[in-house]
Amino acid sequence: MKASIALFLFIVSFTQAFAQKPNVVLIYADDIGYGDLSCYQNTHFIKTPNCERLAASGIRFTDAHSTAASCTPSRYSLMTGEYNWRKTGTGILPGDAPAIIKKGRQTLPSVFQSAGYKTGIVGKWHLGLGDENGPTWNSTIKNSPNDLGFGYSFIMAATGDRVPTVFIENSKVINHDPNDPIEVNYAQKIGSEPTGAENPELLKMKHHHGHDNTIVNGVGRIGWMKGGKNARWRDEDMGDIFTQKALNYIESNKKEPFFLYFATHDIHVPRVPHERFQGKSGMGARGDALLQFDWSVGEVLKKLEELGLSENTIVILSSDNGSVINDGYFDDSAENTGFFKPTGALRGSKGSIFEGGTRVPFIVKYPKMIKAGQTSSALVSQIDFLASFADFLKVKIDKTTAPDSQNQWLTLMGQDETGRKNLVEHSNGFGYREGNWKYIRPNNINMKVAPTTKIELGYDTVPQLFNLQEDLSETTNLADKYPKIVQQMEANLNSIINEKK
Ligand code: NG6
Ligand code: CA
């Protein structure tokens with residue numbers, strides 16, 4: 001009886017919620033690990049009070065995943081609902097890569113557009129731009145987010161450490177000067193500007209590995225660029241600019257249902273937060289960037305409150321992959337991290353097939369439907385946003401292009417404690433989850449630890465099997481003890497990989 005009343009009330013609230021379509025703000029952090037936020041495991045170190053406030057007013061997932069252990073593949077799956085490994089060319093892209101999502105394809109933002117929403121992206125894109133020749137920096141850029149479901153876009157093409165170091169608004173480079181055209185090259189040096197390799201004395205932050213090409217704002221980048229002097233960003237201002245653009249977007253769409261994808265640059269390298277955050281965490285640049293990220297989250301929450309939109313807005317916070325401490329620059333993070341574990345109790349981090357690669361913070365707030373202060377151990381993935389929102393908004397899903405996205409709406413709303421029955425995890429190899437079992441497919445990648453980042457990658461030539469309930473840190477390989485489970489997990493993984501989609 002009680003259950004049926006609960007179900008009835010849930011249906012009533014569901015109907016009411018649908019009557020007034022909720023706004024959706026997806027805050028997508030870069031490289032924030034499972035233990036980074038103080039509402040996860042980091043209780044003695046850096047405080048992230050705004051993220052804490054968000055978690056306290058919604059639901060916090062403890063077994064939630066990005067689709068892959070790095071940026072481009074995770075974002076590809078987030079946008080399309082297709083596992084990245086089904087499509088070649090979805091690895092980490094250079095800044096001049098052609099668009100990898102074809103115009104006309106259903107995407108997460110186009111689902112919202114089909115339901116009558118205004119849609120906007122602010123922040124990091126990293127899914128390529130332009131036709132097969134790549135982006136045209138000096139004229140309108142084809143296949144930009146504006147062609148893929150976003151009505152408004154203010155982005156950087158790839159990452160903060162890759163050229164060109166310019167912002168692009170609605171398919172055009174901001175502050176572009178036709179007399180100073182932009183050129184970008186990832187194969188060889190162009191122009192006569194100093195590079196990190198040739199002029200290390202000009203760097204305010206030395207490179208550790210890679211990142212020794214054109215110097216912009218005292219930081220060596222990946223790739224060479226020339227021109228566009230007026231258009232170049234100052235890294236210190238990036239957090240402020242992205243946040244302000246996100247707030248403007250909310251403000252100007254307050255009367256419409258809107259979907260805002262706010263993809264912060266924090267806390268990716270180069271970590272050059274605004275001067276007001278520098279030195280404030282006591283844990284080096286990485287910690288300072290985390291404070292800046294938390295500030296951005298706070299500004300968004302404050303704006304929604306000011307405009308009276310808090311009740312009717314779904315706010316989601318997550319990250320595109322696990323943490324990394326040294327990702328290419330000597331930025332004093334490694335020396336100052338001390339006992340702090342950005343990945344909490346998990347093994348591995350960014351780039352790893354252990355849980356630390358893809359298990360990330362994941363918070364959903366929706367006061368109309370989600371009871372505040374909940375924690376859920378359901379298995380969830382960012383790949384499911386597309387189908388879940390499509391179902392909620394009564395938009396038809398294109399199963400041919402979004403084959404892997406599942407409707408997990410009830411899980412996201414805290415009504416289903418189980419979530420996915422299985423999940424494929426991906427880095428360069430495959431991980432596979434069913435309940436508390438974690439299987440890592442053997443492969444011949446002969447590298448236990450990444451030579452650059454020193455992250456444990458998790459690859460082995462033999463099968464690995466872990467029981468995450470008893471062994472969250474993946475220390476004891478049970479494959480020899482449970483050969484039948486290994487066999488079954490391999491068969492199930494294999495059938496997902498080979499499904500005719
Ligand atoms: C790697 C970069 C790293 C970072 C990463 C992308 C080197 C040696 N390393 O290739 O610094 O930029 O790509 O990170 O260049 S991600 O979060 O966008 O996937
Ligand atoms: Ca990332």
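This one's a predicted model, so the numbers in the text were calculated from it and none came from an experiment. Reckoned from all heavy atoms, side chains included, excluding hydrogens, waters and symmetry mates. Order of listing sets the numbers, starting from 1, for every ligand and every atom in it.
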Is there a polar contact between ligand 1 and [X], counting only N or O atoms under 3.5 Å apart?
{"X": "Lys124", "value": "yes"}
{"X": "Thr72", "value": "no"}
{"X": "Asp31", "value": "yes"}
{"X": "Cys71", "value": "yes"}
{"X": "Thr159", "value": "no"}

Which ligand 1 atoms does [X] reach within 4.0 Å, using its non-hydrogen atoms?
{"X": "Ile92", "answer": "6 (C), 13 (O), 19 (O)"}
{"X": "Asn321", "answer": "17 (O)"}
{"X": "His126", "answer": "18 (O)"}
{"X": "His268", "answer": "4 (C), 6 (C), 12 (O), 14 (O), 16 (S), 17 (O), 18 (O)"}

Where is the nearest protein heavy atom to [atom]: which residue, which atom, and how far?
{"atom": "atom 2 (C) of ligand 1", "result": "Arg162 NH2, 4.0 Å"}
{"atom": "atom 8 (C) of ligand 1", "result": "His209 CD2, 3.3 Å"}
{"atom": "atom 9 (N) of ligand 1", "result": "His211 CE1, 3.9 Å"}
{"atom": "atom 15 (O) of ligand 1", "result": "Ile222 CD1, 3.3 Å"}
{"atom": "atom 17 (O) of ligand 1", "result": "Lys350 NZ, 2.9 Å"}

Query raised in the report: Excluding sequence neighbours, so at least two apart, what forms salt bridge (Lys or Arg N to Asp or Glu O under 4.0 Å) with Asp180?
Result: none
In the structure I gave you, are the side-chain heavy atoms of [X] and [Y] within less than 4.5 Å of one another anywhere?
{"X": "Asn422", "Y": "Tyr432", "result": "yes"}
{"X": "Thr453", "Y": "Asp327", "result": "yes"}
{"X": "Ile440", "Y": "Glu474", "result": "yes"}
{"X": "Trp224", "Y": "Thr195", "result": "yes"}
{"X": "Phe259", "Y": "Val111", "result": "no"}
{"X": "Asn248", "Y": "Phe154", "result": "no"}

Report summary line: The complete set of side-chain hydrogen bond (donor to acceptor under 3.5 Å, both in side chains) pairs with one or both residues in residues 442-451, sequence neighbours excluded, reads Lys448-Asp460
Query raised in the report: Would you call the rings of Phe389 and Phe385 parallel, tilted or perpendicular if under 30° counts as parallel and over 60° as perpendicular?
Result: tilted
Requested in this report: Indicate the ring-plane relationship of His211 and His209, choosing parallel, tilted or perpendicular according to the 30° and 60° boundaries.
Outcome: perpendicular
Query - Residue from Thr72, Thr159, Leu129 passing side chain to side chain contact (heavy atoms under 4.5 Å, CB included) with Leu93 - result: Thr72
Requested in this report: Identify which one of Arg232, Arg234, Glu236 satisfies the side chain to side chain donor-acceptor pair (under 3.5 Å) criterion when paired with Asn217.
Outcome: Glu236
Report task. Just grab all the salt bridge (charged side-chain N to carboxylate O under 4.0 Å, His left out) pairs involving residues 143-168, residues at least two apart or on different chains. Result -> Lys103-Asp147
Requested in this report: Compute the minimum heavy-atom distance from Thr452 to ligand 1 and say whether it is under 4.0 Å.
Outcome: no
Query - Close approach of Gly328 to ligand 1, heavy atoms, under 4.0 angstrom - result: no
Query raised in the report: What are the protein N/O/S atoms, named by residue and atom, that sit under 3.0 Å from the Ca ion (ligand 2)?
Result: Asp30 OD1, Asp31 OD1, Asp320 OD1, Asp320 OD2, Asn321 OD1
Report summary line: Checking heavy-atom distances from atom 3 (C) of ligand 1 to each of Asp30, Val269, Asp327, the winner is Asp327
Requested in this report: Can you see which heavy atom on Thr264 is nearest to which on Lys124, and at what distance?
Outcome: O-CB, 4.4 Å
